[in-house]
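First the structure, in the form of structure tokens, and then the observations on it.
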Amino acid sequence: MPAVVNFPEEIQTNAHTVVLIGAKSRLTGATASLPEDICQLVQTAVIDFDAAADGELLGRVVADIHVSDYSGGSGQTMIKLKNGALCKIIFILTPECVSRHNCATRPDAIAHRFGSAGHAVHGQDLTVVTTFVFLPSVADDALFATALSTGCAIGKACPKYSRKNDATETRDGIDVFVSFIKADGSVYNKSKHLQLISLTTDGVRETGQLVDRPCNELNTTAFAELAESEAAKLQNVTCKIIKGKDLEKQGFGGLYGVGKAAANPPALVVLHHPGKGTSSSTVCWVGKGIVYDTGGLSIKTKTGMPGMKRDMGGAGAILEAFLAAAKAGPQNELYAILCLAENAVGPDATRPDDIHTMYSGKTVEINNTDAEGRLVLGDGVAYAAKHCNPSIIVNMCTLTGAQGVATGKHFAAVMCTDAELESDVIASGKLCGDLCHPVPYSPEFFTNEFASKVADMKNSVASRSNAQVSCAGQFIGNHLPRSFKGKWLHIDMAACAHAGERGTGYGVALLLNTFVWPALVTEP
């Protein structure tokens, strides 16, 4: 069984391993010894810890750790307890350098260092890991987001999916217990907040697992059934699925056209929670769920195709964020719309030059079958606008390779019709660690890239050097009706959905921290 990450109100005792995470200045005392308050915390977690004998040793370990401005530092040692047993102490020192666009707690460094520490823990029967996160000095109303970012970082460092016979990848059998320590030395143990952090971290880990799963396990049918079964466990949640030929009959020309050649049919999954009725807003999240992308007849290369199991990262994040929100009970009405398809090659595959009629009623001439994500999302946002009466539509997707070029591996690209919402999501990302950065929203410059002589538009641009990320987003926006008066937010997180060969769970914290948690953290 993969590692379990817990956020208890009380410090976990009887630990086999203790992990201390914080700035070097916080973990260094006025003397050579580990600060007294930290020694007391360790003694709570490991009852037979001898502070007098081992405090100075641990202080020297911290002092000797080099802390890089960019990646922080780490070190570890074994101590012998009063009862003769051994206990591993691991230090993860966060960088004290942070740029204005980054998250102040540096969750990127924590995830990297904690992941490496996890390999050191496994295989030594050290199954209970008590982790102390020393939060920086922040105002009380910023404590939740500060703790959330570090909690999610620890979750990302504990992946859940593996088909290896060796269980080291998933830290099998390890229980991680995380306690947050405020600047005044007290434990941050507000029950409601810890519940929300736990739900978010679980969602991040589950999304990472979905992204890691190959298409022979997570095909469209399996994905839809997963969403349906999870929804059935929750109160006040409904699930509607439209799939296969029914999509064609009901006018979903984009989604059906992309997925019709695959062995498992395309599907539109609509999840709904009515909210607590205390908010008049309705938020619709629409996710790209391409469970595998061969490129279709505009086929990818042998080096460009591996990894395309991850092309459902947007739908995965939206599903898990919705489930977390539903468990907590959102104040606002919430929809999650998953646009699921496999972009396969076969006799029924869409051809370049084919023309599809989208759910919006607009026609699209296909000039690139590998620009498929925008087709399924075009149908998704059109459905949301027509049937859900949304105040806000958010589509999240692994849409373009250009996103990684434009904003990099750590920042999703966001494009928005509303300046306030754009500012809110960027600020939220900086707090929770799911970073994002704006790209231009300017339909007058980008719509003409899709001009067609025989249809309302093509699906791929005429010029590949004219703001590719914005253009791809604009294609989706073209399928919102003129009557839609709400706000639309496009999030392209293609390069953020994975780090190396592992899913990151990107997007769960961003969606929850922007649209759901702010109303709940202030509840009594």
Between OG of Ser281 and CZ of Phe515, what distance do you get to the nearest 0.5 Å? 9.5 Å
Can you see which heavy atom on Gly296 is nearest to which on Asn343, and at what distance? N-ND2, 3.5 Å
Is there a side-chain contact between Gln250 and Tyr256, using heavy atoms and a 4.5 Å cut-off? no
Over all heavy atoms of both residues, which pair between His479 and Ser360 is shortest? Give the atoms and the distance, please. ND1-OG, 2.8 Å
Does a sphere of radius 6.0 Å around NZ in Lys260 hold more than 12 heavy atoms from other residues, nucleotides or ligands, not counting ones at 6.0 Å or beyond? yes
Correct closest heavy-atom pair for His272 and Tyr335 would be CD2-CZ, 3.2 Å
Counting only heavy atoms not in Asp140, do more than 12 fall under 6.0 Å of its CG? no
In Å and rounded to the nearest 0.5 Å, what is the CG to NZ distance from Leu199 to Lys327? 6.5 Å
For Gln474 and Glu449, does a side-chain donor sit closer than 3.5 Å to a side-chain acceptor? no
For the atom pair CG (Leu210) and OH (Tyr161), what is the distance rounded to the nearest 0.5 Å? 11.0 Å
Are Trp488 and Asn395 linked by a side-chain donor-acceptor pair shorter than 3.5 Å? yes
Is any side-chain N of the basic residue among Arg163 and Glu217 closer than 4.0 Å to the acidic one's carboxylate O? yes
In Å and rounded to the nearest 0.5 Å, what is the OG1 to NE2 distance from Thr504 to His498? 8.5 Å
Exam field: side chain Ser298 to backbone Gly295, donor-acceptor pair closer than 3.5 Å: no
Smallest separation among heavy atoms of Ile426 and Pro438, with atom names: CD1-CD, 3.3 Å
Answer yes or no: does atom NZ of Lys409 have more than 12 heavy-atom neighbours from other residues, nucleotides or ligands under 6.0 Å? no
Is Lys362 paired with Asp456 through a side-chain N to carboxylate O contact shorter than 4.0 Å? no
pair Leu135-Leu143: side-chain heavy atoms closer than 4.5 Å: yes
Value for CG (Asp353) from CD1 (Ile366), rounded to nearest 0.5 Å, stands at 10.0 Å
Answer yes or no: is there a side-chain heavy-atom contact under 4.5 Å between Val178 and Asn6? no
When you measure from the side chain of Asp293 to the backbone N and O of Lys309, does any donor-acceptor pair fall under 3.5 Å? no
Distance only, no hydrogens: is a donor on one side chain within 3.5 Å (strictly under) of an acceptor on the other, for Asp311 and Thr398? yes
Between the side chain of Glu365 and the main-chain N/O of Ser452, is any donor-acceptor distance below 3.5 Å? no
Determine whether the side chains of Ser149 and Thr105 contain a donor N or O and an acceptor N or O closer than 3.5 Å. yes
Under 3.5 Å, side chain of Asn219 to main-chain N/O of Asn216, donor-acceptor pair present? no
Check whether the side chains of Asn513 and Ser428 place a donor and an acceptor atom closer than 3.5 Å, and report yes or no. yes
Just by distance, do the side chain of Ser391 and the backbone of Thr282 share a donor-acceptor pair under 3.5 Å? yes
How long is the span from the NE2 atom in His387 to the NZ atom in Lys240, to the nearest 0.5 Å? 6.5 Å
Is the number of heavy atoms from other residues, nucleotides or ligands within 6.0 Å of NE2 (His356) greater than 12? yes
Under 4.0 Å between a Lys/Arg side-chain N and an Asp/Glu carboxylate O for Asp202 and Arg205? no
Are side-chain heavy atoms of Leu399 and Ile476 found at a separation under 4.5 Å? yes
Are the side chain of Asn459 and the backbone of Ala371 linked by a donor-acceptor contact shorter than 3.5 Å? yes
If you measure only the distance, is there a donor-acceptor pair under 3.5 Å linking the side chains of Thr220 and Asn264? no
Between Glu372 and Lys288, does any side-chain N to carboxylate O distance fall below 4.0 Å? yes
Heavy-atom pair with the smallest gap, counting every atom of Val414 and Ile491: CG1-CG1, 4.0 Å
Side chains of Lys276 and Leu520: does their closest heavy-atom pair fall under 4.5 Å? yes
Could you tell me whether the side chain of Ile337 reaches within less than 4.5 Å of the side chain of Leu268, counting heavy atoms only? yes
Indicate yes or no: at least one non-hydrogen side-chain atom of Val364 is less than 4.5 angstrom from one of Lys458. no
Is a side-chain donor-acceptor pair under 3.5 Å present for Tyr506 with Lys156? no
Residues Asp108 and Arg106 bridged, charged N to O under 4.0 Å: yes
Close side-chain approach of Leu435 and Asn102, heavy atoms under 4.5 Å: yes
Short side-chain donor-acceptor distance under 3.5 Å, Thr407 and Gln403: yes
Grab the two heavy atoms, one from Gly313 and one from Thr207, that are nearest each other, plus how far apart they are. O-CG2, 4.5 Å
